[in-house]
Structures are given as structure tokens and as C-alpha cells.
Amino acid sequence: MLWDYIIVGGGLSGSVVSNRLLQQDSSLKILLIEAGPNANDQNLWPNATNTMGGTYDWDLTSIPQVHVDNRPITLAQGKALGGGTLINMGLWTRGDRSEYDIWGETVGDKRWSYDGLLPYMKKTESYWNQSINAQQHGYEGKVHLQTPTSTNRTYPLRQKVLESWEQIGVSALPSLDANAGDITGVAEFSECRDKGRRQTASAVYSLDGITVLTNTIVAKVLITGPEGSPSASGIQLDNGTSTLGKEVILATGAVHTPQLLMLSGIGPEAELSKHSIPVKKDLADVGKNYADHILSPSAWKVKNPDQGWALGSSNPVFKSAANALGSPSDFVVTTSIKGEGLAKAIEADEGKAPSPDHPLLRNGAFFEHIMLYTGSTNGSRVSFSGISLSPTSRGSITLASANIHDSPVIDPKYLATAVDRYVYREGMRQEVAIAGGADTVLGREILDGEAQPQGVSEPYTTESTDEYIDSRVRASARSVHHPMGTAAMGKVVDTNLRVKGVCGLRVVDASVLPVVIPAHLMVAVYAMAEQAAEIILQDQKQCTKCIPAPGKGKNGTAIAK
Ligand SMILES: Cc1cc2nc3c(=O)[nH]c(=O)nc-3n(C[C@H](O)[C@H](O)[C@H](O)COP(=O)(O)OP(=O)(O)OC[C@H]3O[C@@H](n4cnc5c(N)ncnc54)[C@H](O)[C@@H]3O)c2cc1C
């Protein structure tokens with residue numbers, strides 16, 4: 001059997017691409033191979049996190065990270081049909097228009113700008129309210145969205161939290177909607193759930209009609225073709241079985257895709273030689289440009305728990321059926337950190353003073369705050385998560401060995417830049433200002449200072465020094481599980497997602513993001529995969545599965561240098 005498409009990885013991107021290719025052309029023979037099981041039928045709600053670290057998680061760990069007290073950091077990655085969408089938190093954030101536009105500019109192709117991706121963002125979603133930013137939303141997509149308002153969840157501190165942000169200069173976004181291109185401000189907590197139920201990609205993008213192999217690990221892409229003209233002819237499983245296809249699409253995520261490319265002989269020559277892997281295509285940027293978001297948590301004491309402000313109290317709101325439909329939070333708040341301190345940090349990293357049109361100065365570094373009504377069993381605490389959305393640190397994926405069963409070496413280089421450390425410091429100051437400062441109703445009337453973690457002698461206060469905040473962030477930072485960028489568009493793949501210099505091979509997953517999207521990644525990856533499916537079909541019609549070499553035209557056989 002010669003498959004039209006072999007898609008490796010049945011996670012978010014693999015599910016979207018399989019579904020859309022077959023929907024557009026029902027004659028296609030598509031094979032989808034997934035390392036984990038099919039768990040589509042499992043009702044994994046209400047505890048969204050209960051599958052992290054469990055059967056459906058690759059349960060990866062980074063190497064010790066110098067700038068976070070030399071700690072190795074846990075990295076969850078979905079291992080089942082649906083991939084990350086089976087174990088993730090379901091938070092639905094689009095990110096800011098500005099960073100998508102930088103993506104489009106970086107690769108010189110407007111299809112990857114905000115306006116270029118907007119039709120696909122709309123195509124993905126079934127938004128919950130047709131009167132909010134109608135130009136920006138879709139209503140017939142496969143992924144259903146909900147908010148506290150749409151599910152009748154009114155938490156007790158909603159108005160006070162809104163007022164408190166306003167008191168420190170952070171205003172509500174129009175219609176409390178951060179999924180319309182502008183993220184700076186207060187927005188409703190938006191989740192991809194259908195009345196509480198998880199929207200696993202492989203369940204909502206039906207795989208009917210696709211041949212699906214689960215619990216099956218692909219060990220490498222088979223690369224044939226004469227010297228200098230490598231071409232993907234199929235894949236080999238870890239048990240040695242080979243399967244042939246006209247085109248192979250890697251959708252194994254930003255950790256495993258660079259690993260698979262390298263095990264197939266596509267990657268930096270020196271790295272391949274270290275593991276005695278014959279070089280099929282020397283591509284220096286495979287595994288480089290690794291980026292991830294990190295989170296630093298804090299817990300805050302409630303002055304009068306009896307008043308029922310938090311989860312665990314006797315407040316009936318938290319015991320209602322509606323409460324179980326979503327995460328106990330009202331808002332996602334994004335601030336944009338700018339100014340002289342940021343300019344100095346950029347100068348420290350880049351060795352020269354940045355010009356005023358430096359993208360980071362122009363748009364600011366985005367920082368996200370989420371207050372959850374969690375933290376104790378008796379309603380005596382609420383918690384905050386501070387997430388840096390625009391990190392400039394870049395790490396790498398390299399090989400531990402030439403064996404697919406050995407996890408690759410993950411080195412995210414968290415907080416390696418002066419910019420990242422500065423932005424975190426300022427972000428945490430905002431958190432202390434809203435939760436523990438005298439300027440807000442929350443700080444004055446509801447909360448009673450930080451409940452610092454065990455072993456930490458002093459709490460965060462508005463007087464905390466830079467050194468103290470840095471030490472707390474170093475000790476607490478953890479991954480938000482958003483690896484991206486390790487087979488970056490423009491460097492490893494072209495703007496049609498074709499691996500440069502290798503015929504018949506594409507990457508469609510979070511690896512291709514060339515810039516850091518300031519958001520939880522699903523929206524960006526769904527939109528990218530939706531557009532990818534259309535591009536793949538167009539290329540099929542035009543016989544351009546290879547990148548035409550300069551002067552050779554679209555003949556389907558020429559290879560780019
Ligand atoms: C714990 C967690 C929480 C998250 N929370 C959020 C959130 O709240 N909001 C949000 O927007 N995003 C969130 N994300 C991120 C989001 O889920 C991912 O960005 C997204 O799933 C990436 O899609 P992908 O297609 O690149 O990879 P994945 O969805 O990870 O799919 C890759 C698939 O490839 C398979 N695979 C890997 N190697 C092989 C192999 N050799 N052979 C066969 N199959 C293989 C994997 O098993 C997996 O199923 C979270 C992720 C995690 C892990």
C-alpha cells in the first residue's frame with residue numbers, strides 16, 4: 001500500500017490536518033500514527049489536570065536549568081490521540097495581533113500575519129456570543145468556547161477584582177474579550193469546553209475514514225533519493241516495520257519533531273555525527289530556537305474566610321453544578337511591560353542600546369495574571385499565577401542517543417536573558433500591587449498578605465527588593481508546557497511547511513512557530529494547522545510537494561538548496 005499521506009502524531013495538529021485533508025478530498029488514503037492510545041471516549045472533566053503525569057503524558061524533564069537554581073523542570077506533553085488537548089488546561093487565548101504580524105514579517109508571507117491567520121482562527125472556533133466582536137469570531141468551528149458568563153458562573157470577587165485592576169491602571173478590554181487581537185487588559189477567562197466537556201482535538205475533528213494506528217511509535221522518516229536530492233518515501237516504526245507514502249507530515253510536537261528529524265538524518269551535521277547518524281540533509285536550525293512560557297505561582301491569605309470568598313468555604317457558589325463546568329477564575333489579565341528598565345535589559349542582552357522601534361519596546365513584553373479561587377481546603381486562600389508571555393530566552397532540543405526510546409535532551413534555557421528576568425520582576429510587582437498593596441480593594445479589604453511557601457522566611461510585599469523577587473522566581477518557576485519553535489518556519493520549513501531541501505516531507509505542529517506567540521498555544525496551533533491543510537491540498541493540485549529550486553519552476557521534483 002502506498003499512502004497519499006502518512007501523518008505522524010495524532011495530537012492537535014495531526015488531528016486537524018487528517019480531518020481537513022479527508023474532508024476536502026475523500027479519495028485520499030491517509031495513515032495517522034500515534035504513539036499513545038485512543039482516549040477520545042473518556043470523560044476527563046472535571047479535573048483538567050488529573051492526566052498530567054499519568055498514562056497520557058510523556059512526562060519529560062529538562063536538563064538542570066542554570067537560571068532557576070539549577071533545577072530540572074518537568075515538561076508535560078500529551079501522549080494519546082489529541083496530544084496536548086487531552087491533558088491541557090483548556091485555556092483559550094489567541095495572543096496579540098502584533099506578534100502574529102512579526103511572524104508574517106519574519107517569513108515574508110502575509111498568510112502568517114494576524115489577518116492571514118484570522119480566517120482560520122474563526123474557522124476553528126464556535127464562539128459563545130454572537131454580539132461580541134462579531135468580525136473577530138467564528139460560530140461554526142469544531143472547538144466550542146465558554147466563559148464564566150456563558151456558563152452562569154458568578155464568582156464572589158468578580159467585581160472587586162475588576163475594580164482592583166482598574167485601581168492600578170489596568171482597564172477592562174472591550175466586552176472583556178482578549179480573543180480579538182488586542183490582549184492588554186482584563187478579559188473573561190475563556191476555555192475550550194462545551195458546557196464543561198473537554199474539546200479533545202481528535203474527538204472534535206473526527207478521524208472517521210482515516211486509518212489510525214495507536215500505541216505505535218515512529219522511529220524515523222525513510223529518506224531516499226540520489227545524493228543531494230533527499231526525498232521522504234515513508235516511515236519506519238520502532239519495531240523495524242516500514243510503510244511507504246507519497247508525502248510524510250510530522251506532527252509530533254516541538255520536542256519530538258526535531259528528535260525525529262535528526263534521527264532521520266535531517267539536522268545539524270555535527271549533532272548527527274555525534275550519534276553516528278548518516279546525514280541526509282544538513283539543516284543547522286533543527287532543534288534550535290526552543291521557546292516556552294513559564295509560570296511563577298503565589299498564594300494570598302483571605303482576611304475573613306467565613307465570608308465565602310474562596311473555594312473550600314461554605315459559599316454555595318462553589319458547590320453549585322455550574323461551578324464544576326470550568327476553572328474557578330473570572331479573568332485572564334495581560335499587561336504590557338515597557339519602559340526604560342526594559343530598554344536597559346535589551347541593551348544588556350544585545351550589547352547595544354535598542355532603537356525606539358525595537359519590537360519589544362514597541363509592543364512591550366506581555367505578562368499574564370490569573371487569579372484562581374483555589375489554594376486551601378477551607379476558603380482561606382486565593383492564588384495567582386504570573387506567566388511571562390514574551391520570553392526572549394531560546395534553548396534547544398538535541399539527541400541523547402540515536403534511539404527513539406530515549407527522550408531527547410531538553411534545554412529551554414529558562415530566564416537566561418536579562419529581559420526575561422526584568423519582565424518577571426515587573427510582572428510580580430504588579431501581582432503584589434493588586435493582591436497585597438494598599439491601592440486596591442483586594443489588597444485593603446479582602447486579602448491579608450502573601451502566604452509564602454514553606455521554607456521561605458518572608459512574604460512578598462510592595463517593599464520587596466529586586467534581589468528578593470528574583471530569588472523567589474528562580475525558586476518557583478515552572479513550565480506552562482508550551483514548547484515551540486524547534487523547526488522554525490523560514491529556517492527549517494518554508495512557508496508551505498515543507499522541510500527545506502527534502503522532498504515530500506512537511507512539519508505541521510508547534511515546532512514551526514518562528515516567533516513566540518504571547519498566549520497559551522492552542523489557538524495559534526489550531527489556526528496554523530487549519531491553514532496548513534489548505535496549503536497541502538493546493539500543493540497537491542499543483543504538484544509542488546517539493547520546494548522548487550530557483551529557476552526550475554513548480555515541477556514537483558526540484559529541490560531547494
Ligand atoms: C499540561 C499542558 C497544559 C497546557 N495548557 C494549555 C492551555 O490551557 N491552553 C492552551 O492553549 N494550550 C495549552 N497547552 C499547549 C497545547 O496543548 C499544545 O501547544 C498543543 O497541543 C501542541 O500541539 P501539537 O500538535 O504541536 O502537539 P501535540 O498536541 O503534543 O501532539 C503531538 C502528538 O505526537 C505524538 N508523538 C510524539 N512522538 C511520536 C512518535 N515518535 N511516533 C508517533 N507519535 C508521536 C504524541 O504522542 C502526541 O499525541 C498545554 C499543554 C500541556 C501539555
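Given the structure is predicted, the values throughout are model-derived calculations rather than measurements. Remember, it's 1-based here, ligands and their atoms both numbered in the order they're listed.
Checked for salt-bridge contact, Glu530 and Arg20 meet the test: a charged N lies under 4.0 Å from a carboxylate O. A salt bridge links Glu125 with Arg94: the closest approach of a Lys/Arg side-chain nitrogen to an acidic carboxylate oxygen falls below 4.0 angstrom.
With ligand atoms numbered from 1 in the order given, ligand 1 contributes 29 (O), 31 (O), 33 (C), 49 (O) to contacts under 4.0 Å with heavy atoms of Gly11. Distances below 4.0 Å separate heavy atoms of Gly83 from the following atoms of ligand 1: 29 (O), 31 (O), 48 (C), 49 (O). If you number the atoms of ligand 1 from 1 as listed, the ones under 4.0 Å from a heavy atom of Gly78 come out as 46 (C), 47 (O), 48 (C), 49 (O). Ligand 1 places these atoms under 4.0 Å from at least one heavy atom of Ala76: 1 (C), 53 (C).
Of the candidates Ser15, Gly14, Ala524, Ala35, the one placing a heavy atom closest to atom 43 (C) of ligand 1 is Ala35. Residue Leu12 holds the heavy atom nearest to atom 23 (O) of ligand 1 of all those in Leu12, Leu91, Asp57, Ile87. Counting only non-hydrogen atoms, the option in Thr216, Asp509, Val218, Ile33 that gets closest to atom 40 (C) of ligand 1 is Val218. Of the listed options Thr214, Thr252, Asn215, Val17, Thr252 places a heavy atom closest to atom 36 (N) of ligand 1. Summarising the contacts of atom 11 (O) of ligand 1 with Met522, Gln77, Gln259, His256, the nearest heavy atom is found in Met522.
For atom 21 (O) of ligand 1, the nearest protein heavy atom (residue, atom name, distance) is Gly84 CA, 3.4 Å. The protein non-hydrogen atom at the shortest distance from atom 52 (C) of ligand 1 is His481 CB, 3.5 Å. Atom 47 (O) of ligand 1 has its closest protein heavy atom at Glu34 OE2, 2.6 Å. What sits closest to atom 25 (O) of ligand 1 on the protein, heavy atoms only, is Ser13 OG, 2.7 Å. Given atom 27 (O) of ligand 1, the protein heavy atom at minimum distance is Gly253 CA, 3.7 Å. Of the protein's non-hydrogen atoms, His520 CB, 3.3 Å is the one closest to atom 10 (C) of ligand 1. In this structure, atom 4 (C) of ligand 1 lies nearest to the protein heavy atom Asn88 CB, 2.9 Å. The nearest protein atom to atom 19 (O) of ligand 1, hydrogens excluded, is given as Leu521 CB, 3.4 Å; this is a heavy-atom distance.
A side-chain N or O of Ser202 and one of Asn40 form a donor-acceptor pair less than 3.5 Å apart. Side-chain polar atoms of Gln430 and Thr335 form a donor-acceptor pair below 3.5 angstrom. Looking only at atom types and distance, the side chain of Tyr290 has no donor-acceptor partner in the side chain of Asp411 under 3.5 Å away. Remark: the Glu431 side chain and the His369 side chain contain an N/O donor-acceptor pair separated by less than 3.5 Å. Remark: the Asn363 side chain and the Arg97 side chain contain no N/O donor-acceptor pair separated by less than 3.5 Å. Counting only N and O atoms by type, the side chains of Thr200 and Arg198 include no donor and acceptor under 3.5 Å apart. Neither side chain, Ser113 nor Asp115, offers a donor N or O lying under 3.5 Å from an acceptor on the other.
In this structure, Trp58 and His256 have tilted ring planes: the angle between them lies in the 30° to 60° band. Relative orientation of the His482 and His520 rings is perpendicular, given thresholds of 30° and 60° on the angle between their planes. Between Phe367 and Tyr424, the ring planes are perpendicular. Angles over 60° get that label, and only those under 30° would be called parallel.
The shortest N or O to N or O distance between Gly36 and ligand 1 is not below 3.5 Å. For a threshold of 3.5 Å applied to N or O pairs, the pair formed by Ala510 and ligand 1 contains at least one separation below that value.
If you look at Ala80 next to ligand 1, the close heavy atoms, those under 4.0 Å, all belong to the backbone. Contacts with ligand 1 closer than 4.0 Å are made by backbone heavy atoms (N, CA, C, O) of Ala251 only, the side chain lying farther away. When non-hydrogen atoms are compared, ligand 1 lies under 4.0 Å from the side chain of Trp58 (C-beta onward) but not from its backbone. At a heavy-atom cutoff of 4.0 Å, ligand 1 is contacted by the side chain of His482 but not by its backbone.
Between the OG atom of Ser190 and the CH2 atom of Trp128 there is a distance of 9.0 Å, given to the nearest 0.5 Å. Atom CG of residue Asp4 and atom CG of residue Leu21 lie 9.5 Å apart, to the nearest 0.5 angstrom.
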